[in-house]
Amino acid sequence: MNPATYAGGLVMPHRKFLLLGLSAAVMVAAGCSDNAAKVRAIERQRQARIQADTTVDHLGEVHSLLTRLVELNPQEAQREVIYHLNRWGESKTFGDEKVTPLLKTISAVMPEEQARALTEQASFVGSDTDYLRDCYLFRQISEWIDRESGEDPLLKDWLNEIESRLPEEEVVKLRTAVRMFDWTVRNVGYEPLQPETSLLPHPPFPSGMSIPEFSLGMQFQGPGYRQTDYETVWRGLGDSQQRAGVFTQLCRQASIPAFVLATQSEQDGTLTPWSVGVLIGKSVYLFEPELGCYIPGPGQEGIATLRQARSDASVLRRLNVVSYFDYPVSKSDVQQSIALLNVTPEAVSLRMKQLESGLTGMRRMKTFVDVDALAIEIDAVPGIAGVRLWDVPVLAEVYAAELKAAAGRDPLLTFWSRASWSIIEDMTDNAKLLALARWRHLHGQFDKNDEEDAEGARVLYLRQRAPEFEIEDLGIDVNLQKAYGVRRELGMDEKQYEMQLRYAQDLMRMGKNAATYWVSLIQYDDGRYETAQTWFAKRVLDSELISRRELTGDVLSPWVAAARYNLARSLEQSGQVDEAIKLYKTDGDPQEHGNRLRARLLDKRRQSASPSDAVNQP
């Protein structure tokens, strides 16, 4: 056979296959090269992400989120906070540390196994966001209120006098405690422990609303636990136990040991709180949140200590107001008191201990409480019969969960529970604005921050003070309707729409009342006492204004008694003692007992002052 023919006829097909094979090989190689390049690119991106993630300041991100928490979507903010906390904590270990045995002292309201699991939890969980929000906010408040202008004027001379008798560090802490208690009393209006009617600004109980039942022996609108410490300071109203919660939270952030003192029944062991003790040096100084006043020492001078209350019957006896009030606790009752620590399981958890060690500089705050060491220190004081965790913070969480569940079954209860504080806790534009104003108020940011171009609380509050004609025009003002979430849904009849309008108008008036009162408090804390008097007297307490409120059905303002007390405090600061005393003696105010005590102390100081340094009188 002709080789040429063979080559031309038989070899060519193989050559075609060979060329095709080579082409395919080149294509595969090119494809593999492309895939390899893609893999390398993905790997580079992954390494870049890892490298970037390792350089992320996770605690800085957490702090940034906490500062803006009120402006963020709650669910998204919680996810971000927990993500960054857990990324920060990935390389951390606990070692062989054990949780506190004091957890068993709240086993009646939280099983010890559950409390232990929560405290031993290595990773951060959703509930930690609310806890850290509380730590952050109370830290912010504690820093700006700890200043000389925040001291109770009735104690200034005494504080100056004891400087020669106490170590400097103790005097500094005592001054700080005085400022924090005074701020608490002025900024948390007093409510009764167990109200018989609906608490303002809640509306009256709707006809047909079922009063919910609660576990653990709790009652509807019960003492202490009906709101958390955060809700108390956020809303600016609370009973004596809630005031105690706010005061002890502030002291904790200032590294001052403070705790609730309770007597214990010999019959059934029931604990009854009677004061807050602040441990400074080896002395426990006494503050009475129900009276809104420190407990005066012997001769009504300065602040009484637990030792003095146990040894001198006149200390507690002088808390009686003849013909008006008898103080229910005597010397014999306080020979042995139980110290109750206002901490939740989160506060004693190992992860919070580890977190606190990583918070420095502007991020510093107290997230962990060494309750075992604190208990030893407190228990060494004569008159302390034991140290326990306070069950009220845990009960507050249970109460909130059960009230929410009950509201889900009863639309009337839903309306009642939401109608009160939706002015700052709803998602409407105006509620968000008032919430932002309140947040900045509690940060002490009263005026514009030029560096951050952020408006202060004063201006933001003023925007909430809509004139009455504007409130009346809500039915025809589309922009206002949008701001307050008023819309006529398809199928909504005229009666339902009118009810919605009236509810929105009530919210506008409630928001205006709250903003007006809070601006008045800012004037006081700014040292503008005469301006504060004008705001309290003319914009909150004016009799004609109150009459107009009644005509418009605006009976939901809870600020009258608190404004009267703060007006008297403003008059004190201006030297108008007679006018202040007259206001303190107002019959029927919720805090009348404590107010009359303050009037007596104020009158005593005036009478003992020499002509050269007497308080100016009108």
Check: [X] side chain, [Y] main-chain N or O, donor-acceptor pair, under 3.5 Å:
{"X": "Q78", "Y": "T129", "result": "no"}
{"X": "Q227", "Y": "A396", "result": "no"}
{"X": "Q464", "Y": "A515", "result": "no"}
{"X": "N187", "Y": "T184", "result": "no"}
{"X": "Q249", "Y": "C135", "result": "no"}
{"X": "Q253", "Y": "K366", "result": "yes"}
{"X": "N86", "Y": "F124", "result": "yes"}
{"X": "R438", "Y": "W234", "result": "yes"}
{"X": "R133", "Y": "L66", "result": "no"}
{"X": "E402", "Y": "P212", "result": "no"}

Hey, are the side chains of [X] and [Y] touching, using non-hydrogen atoms and a 4.5 Å cut-off?
{"X": "S127", "Y": "E346", "answer": "yes"}
{"X": "L442", "Y": "R440", "answer": "no"}
{"X": "L306", "Y": "I384", "answer": "yes"}
{"X": "L250", "Y": "R139", "answer": "no"}
{"X": "D453", "Y": "K448", "answer": "yes"}
{"X": "R307", "Y": "P382", "answer": "no"}
{"X": "Q219", "Y": "Q194", "answer": "yes"}
{"X": "C293", "Y": "E288", "answer": "no"}

With [X] via salt bridge (Lys or Arg N to Asp or Glu O under 4.0 Å) - residues at least two apart:
{"X": "D182", "answer": "R186, R569"}
{"X": "D410", "answer": "none"}
{"X": "E151", "answer": "R175, R179"}
{"X": "D370", "answer": "none"}

Problem set entry | Trace of the side-chain hydrogen bond (donor to acceptor under 3.5 Å, both in side chains) decision for T176 with D146 | CA-CA 6 Å; T176 296; D146 189 11; 3.1 Å; yes
Please state whether the rings of [X] and [Y] are parallel, tilted or perpendicular, taking 30° and 60° as the class boundaries.
{"X": "W518", "Y": "Y461", "result": "tilted"}
{"X": "H443", "Y": "W439", "result": "tilted"}
{"X": "F205", "Y": "W416", "result": "tilted"}

For this session: Tell me whether the centres of the aromatic rings in F287 and F181 are closer together than 6.0 Å.
Result: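 Ring centres of F181 and F287 closer than 6.0 Å.
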If you measure from the Lys or Arg side-chain nitrogens to the Asp or Glu carboxylate oxygens, is any gap between [X] and [Y] under 4.0 Å?
{"X": "E97", "Y": "K353", "result": "yes"}
{"X": "K432", "Y": "D426", "result": "no"}
{"X": "R87", "Y": "E90", "result": "yes"}

What pairs with [X] under side chain to side chain donor-acceptor pair (under 3.5 Å), at least two apart in sequence or on another chain?
{"X": "W421", "answer": "none"}
{"X": "Y285", "answer": "none"}
{"X": "R363", "answer": "D57"}
{"X": "E397", "answer": "none"}

Problem set entry | By side chain to side chain contact (heavy atoms under 4.5 Å, CB included) - contacts of A108 (at least two apart) |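 With sequence neighbours excluded, A108 shows a side chain to side chain contact (heavy atoms under 4.5 Å, CB included) to no residue whatsoever.
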For this session: Tell me, please, whether F138 has R252 positioned over its six-membered ring: NZ or CZ under 6.0 Å from the ring centre and within 45 degrees of its axis?
Result: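 Pair R252/F138 does not count as cation-pi.
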Problem set entry | Straight-line distance of Q445 CD to I522 CD1, nearest 0.5 Å |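 Those atoms lie 10.5 Å apart.
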Report, one line per pair, each donor and acceptor closer than 3.5 Å where one atom sits in a side chain of residues 269-281; sequence neighbours left out.
{"unit_1": "T270", "atom_1": "OG1", "unit_2": "D268", "atom_2": "OD1", "d": "2.7"}
{"unit_1": "T270", "atom_1": "OG1", "unit_2": "D268", "atom_2": "OD2", "d": "3.1"}
{"unit_1": "W274", "atom_1": "NE1", "unit_2": "S337", "atom_2": "OG", "d": "3.3"}

Problem set entry | Pairs flagged by salt bridge (charged side-chain N to carboxylate O under 4.0 Å, His left out) wherever residues 226-251 is involved - sequence neighbours left out |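 The answer is E191-R226, R226-D239, E231-R235, R235-E425.
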For this session: Kindly indicate, with the supporting measurements, whether the criterion ring pair (Phe, Tyr, Trp, His ring centres under 6.0 Å) is fulfilled by Y83 and W88.
Result: CA-CA 9 Å; Y83 166 77; W88 171 81; over 10 Å; no
Problem set entry | Any pair counted as ring-ring contact (aromatic ring centres under 6.0 Å, His included), so long as it reaches residues 379-409, sequence neighbours left out |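 Non-adjacent pairs meeting ring-ring contact (aromatic ring centres under 6.0 Å, His included): F214-Y399, Y225-Y399.
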